[in-house]
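Read through the structure below, which is laid out as structure tokens, and then see the notes.
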Amino acid sequence: MGRVEVEVQGTWGTLCASRWDLLDAHVLCHHLGCGFAVSVPEGGHFGRGTGPVWSDSFHCEGTETSLDHCPVTALGASPCSHENDAAVICSGPPHNASLRLVGGGSRCDGRVEIFQRGTWGRVLDDQWDMEDASVVCRQLRCGEAEAAYTVPRAERGTGPAGLRGVRCAGHEASLSLCNTSLHEATAIMEDVGAVCQGSHQVRLVDGAGRCAGRVEIYYRGQWGTVCDDAWDTADANVVCRQLSCGWAVEAAGSARFGEGSGHIWLDGVNCSGDETALWNCSAEAWGQHDCGHKEDAGVVCSEFMALRLENSDGCSERLQVFYNGTWGSVGSNSMTPHTAKLVCKELGCGDGGTREISIFYGRVNGTAWLDHVQCGESNSSFWQCPSDPWELQSYDDVRDEANITCNGRKPERTPVAACPNSTSCTDREKIRAVGGKDGCSGRVEVWHRGSWGTVCDDSWDMQDAEVACRQLGCGPAVSALAEAAFGEGTGPIWLEQVECRGTEPSLQACWARTGDGGACRHKEDAAVNCLAATSVTASPPQRDPILDYATIGRRVSVPVIICIILGLLICLLLALLARQMQSARARHRDSRRSGEPFSEAVYEEIEYSPMREKKIRFSFSDIPVLPGDSPVEGYDDAREVSDPGEHPVPGQGDWQVPRAQEDGEGPRDAARGESGHSWRSAGAPEVDGDTSPLSLGSTGYDDADEMSLS
């Protein structure tokens with residue numbers, strides 16, 4: 001135990017406690033032969049040191065043999081004083097009956113060994129169980145036991161046997177206190193192992209740095225992923241803090257950093273943000289999930305750092321660093337010549353470079369993160385160089401920004417071989433769309449290393465499709481399709497994790513991973529549907545119409561569907577309007593037809609008797625009146641219509657009712673409406689009531705053309 005001091009180029013100095021954790025302390029204790037780290041006290045616990053306080057931050061996993069094997073950063077570190085010197089308390093050198101776990105992913109899982117008579121020996125058993133493993137985990141201060149197992153043959157130890165036939169009750173403080181003397185071997189004994197809770201670990205992988213990538217958890221001796229269901233910033237914050245990577249800038253999902261393999265350990269993670277470890281958050285039971293690796297969660301933390309030179313070749317012009325989720329420039333004040341060399345080496349742009357001085361004044365565009373970067377000969381990486389702390393810089397003149405030109409050129413991320421039909425090819429010749437009805441829709445394929453290959457749909461989105469459509473010469477993108485929408489391709493998968501901004505001239509200019517990692521299959525081939533494809537009128541399908549309809553259904557965009565629906569509605573309205581107009585014309589035509597029954601109002605004279613009228617008219621004349629023994633009943637209509645050549649029979653004659661006279665009609669026109677009323681049956685009783693007098697133009701009863709109703 002004591003204050004931690006490190007020698008750098010012959011000078012001893014202390015480390016800052018704010019950048020020192022238990023995993024770093026484990027490596028140091030193991031390197032010093034002092035067992036494992038029991039605790040990491042607060043800064044200055046063992047007094048103030050002398051000499052420099054190194055700004056280095058170690059990022060150990062806990063299994064390294066020395067601090068020299070751990071990643072180190074110093075760039076942007078805050079100043080530290082001897083009041084905050086790092087310290088450690090180790091378990092001490094091994095003594096008789098000391099235990100250790102070897103061959104696992106941490107100090108808290110692996111094959112059990114015991115220290116006896118100055119050497120480490122194997123523990124063998126034929127009935128090893130959880131009670132035995134619990135004693136081991138407790139003795140090593142690794143928490144509760146999670147698994148007890150027999151070591152596979154390939155992982156067995158080769159040293160001497162230290163302990164055989166252990167029988168523990170589970171409450172013993174040491175494995176050596178368990179009952180072993182009464183046990184008589186009745187079976188073959190084998191090496192045994194244990195997995196303790198303290199073996200849990202978290203890491204970020206495939207993210208170009210330790211503080212960004214796919215989230216993976218070490219559980220029961222195996223690494224597995226986390227499902228992105230309900231994954232959010234609070235969950236990501238716990239991961240970043242657990243890894244000493246600051247806070248979360250982005251909580252990524254949908255396998256943003258590629259698909260993992262093996263187990264999916266956690267699903268439905270719901271952290272409050274205050275937990276010390278991800279497995280302390282609320283979640284489904286270990287290994288219980290309904291996800292696939294296409295839903296693996298990822299994180300980008302604020303301490304994730306990246307480097308670039310702004311020119312299109314990536315090896316010259318303004319130097320920028322990515323920090324806290326933002327690109328920012330680097331000041332040139334006090335920058336050493338060795339800094340340019342390390343920048344070029346870091347970017348793969350040769351082994352040397354020079355700093356360029358700008359003579360033109362201008363204001364700084366964007367963020368300025370760092371200044372006074374001073375890399376020395378002892379620094380093997382740009383990230384190990386001392387500098388001012390990470391903070392927004394005060395300079396605003398572009399002449400204060402660092403500009404570097406390297407002596408080499410960065411190799412192309414995805415070099416494209418010669419085109420199929422020419423020695424020099426254009427961007428248009430490096431891409432094709434396969435499986436669609438035209439060259440503007442289909443599976444995306446690129447030409448590389450002398451053959452065509454597909455693009456994986458991991459992270460494939462509209463920005464990537466926009467670049468592909470532009471490269472195809474097919475206008476804007478309508479949709480970005482996945483899961484082999486136009487069928488599975490063959491051959492290699494050249495690109496995966498394509499990340500376009502949408503402004504690049506070609507897919508080859510976008511950030512991407514080479515597809516030789518085996519993470520994708522052809523069932524994940526990316527496809528595209530460009531605007532030029534939707535303007536082509538398709539001929540009647542020659543293939544199975546059901547299959548063609550399904551294909552077209554995937555490709556038709558929402559605006560096209562809306563236009564089709566509106567067109568159908570307009571056609572329907574026009575058809576209804578035409579039908580209404582046709583009906584109106586038919587009614588108007590029928591109303592003018594003279595022979596149509598009931599075309600006008602029908603009037604009926606109640607109790608009208610022609611014989612009575614004759615009696616009245618001729619009662620004062622010399623003309624004799626016909627006898628009225630059987631008088632005719634009242635008429636239904638106004639006059640009798642005599643058909644020449646026929647003699648009307650009472651009860652069977654047809655009568656017409658004169659209609660109202662219209663403008664322009666003569667007396668004869670007004671009396672042409674027919675009536676279907678008939679005589680009443682002979683002998684029917686006469687209905688009493690008033691009748692209107694009938695005025696005749698002549699004394700002849702049969703000639704009734706000038707009949708009118710008064």
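Computation of the quantities below employed the complete heavy-atom set of this structure, encompassing side-chain atoms and omitting hydrogens, waters and symmetry-equivalent molecules.
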If the test is salt bridge (charged side-chain N to carboxylate O under 4.0 Å, His left out), which one of Arg256, Arg214, Lys294 qualifies with Asp458?
Lys294
Report yes if some heavy atom in the side chain of Leu75 is under 4.5 Å from a heavy atom in the side chain of Phe382; otherwise report no.
yes
Take Asp109 and Ser199 through the test side chain to side chain donor-acceptor pair (under 3.5 Å) and record every step on the way to the result.
CA-CA 6 Å; Asp109 72 295; Ser199 65; 4.6 Å; no
Asn324 side chain to Trp369 side chain, donor-acceptor N/O pair below 3.5 angstrom
no
Which distance, rounded to the nearest 0.5 Å, do you find between the CG of Asp457 and the SG of Cys520?
6.5 Å
Would Arg308 count as a cation-pi partner of Trp327, with NZ or CZ less than 6.0 Å from the six-membered ring centre and within 45° of the ring normal?
yes
Cys90 SG to His30 NE2 distance, which is reported to the nearest 0.5 Å:
11.5 Å
Glu61 atom CD, neighbour heavy-atom count above 12 within 6.0 Å
no
Donor-acceptor pair between Trp128 and Glu190 side chains, under 3.5 angstrom:
no
Could you verify whether a donor N or O on one side chain and an acceptor N or O on the other, from Gln116 and Thr119, lie under 3.5 Å apart?
no
Using 4.0 Å as the upper bound for N to carboxylate O, is an ion pair formed by Glu488 and Lys523?
no
Tell me whether Cys16 and Cys80 have SG atoms closer together than 2.5 Å.
yes
Answer with yes or no whether the side chains of Asn270 and Ser282 bring together a donor and an acceptor at under 3.5 Å.
no
In Å and rounded to the nearest 0.5 Å, what is the CZ to SG distance from Arg241 to Cys301?
11.0 Å
Can we say Asp132 and Arg167 salt-bridge, meaning some charged N sits less than 4.0 Å from an Asp/Glu carboxylate O?
no
Report yes or no: do Asp525 and Thr454 form a side-chain donor-acceptor pair below 3.5 Å?
yes
Cation over ring face, Arg443 and Phe486, 6.0 Å, 45°
no
If only side-chain N and O atoms count, and only distance matters, is there a donor-acceptor pair under 3.5 Å linking Thr233 with Asn237?
no
Using side-chain heavy atoms (C-beta onward) and a distance below 4.5 Å, is Val215 in contact with Trp231?
yes
Hey, are Tyr323 and Glu303 close enough side-chain-wise for a donor-acceptor pair under 3.5 Å?
yes
Compare all side-chain heavy atoms of Cys211 with those of Leu243 and state whether any distance is below 4.5 angstrom.
no
Any luck finding a side-chain donor-acceptor pair between Glu216 and His263 under 3.5 Å?
no
May I ask you to decide whether Arg111 forms a salt bridge with Glu155, counting only side-chain N to carboxylate O separations under 4.0 Å?
no
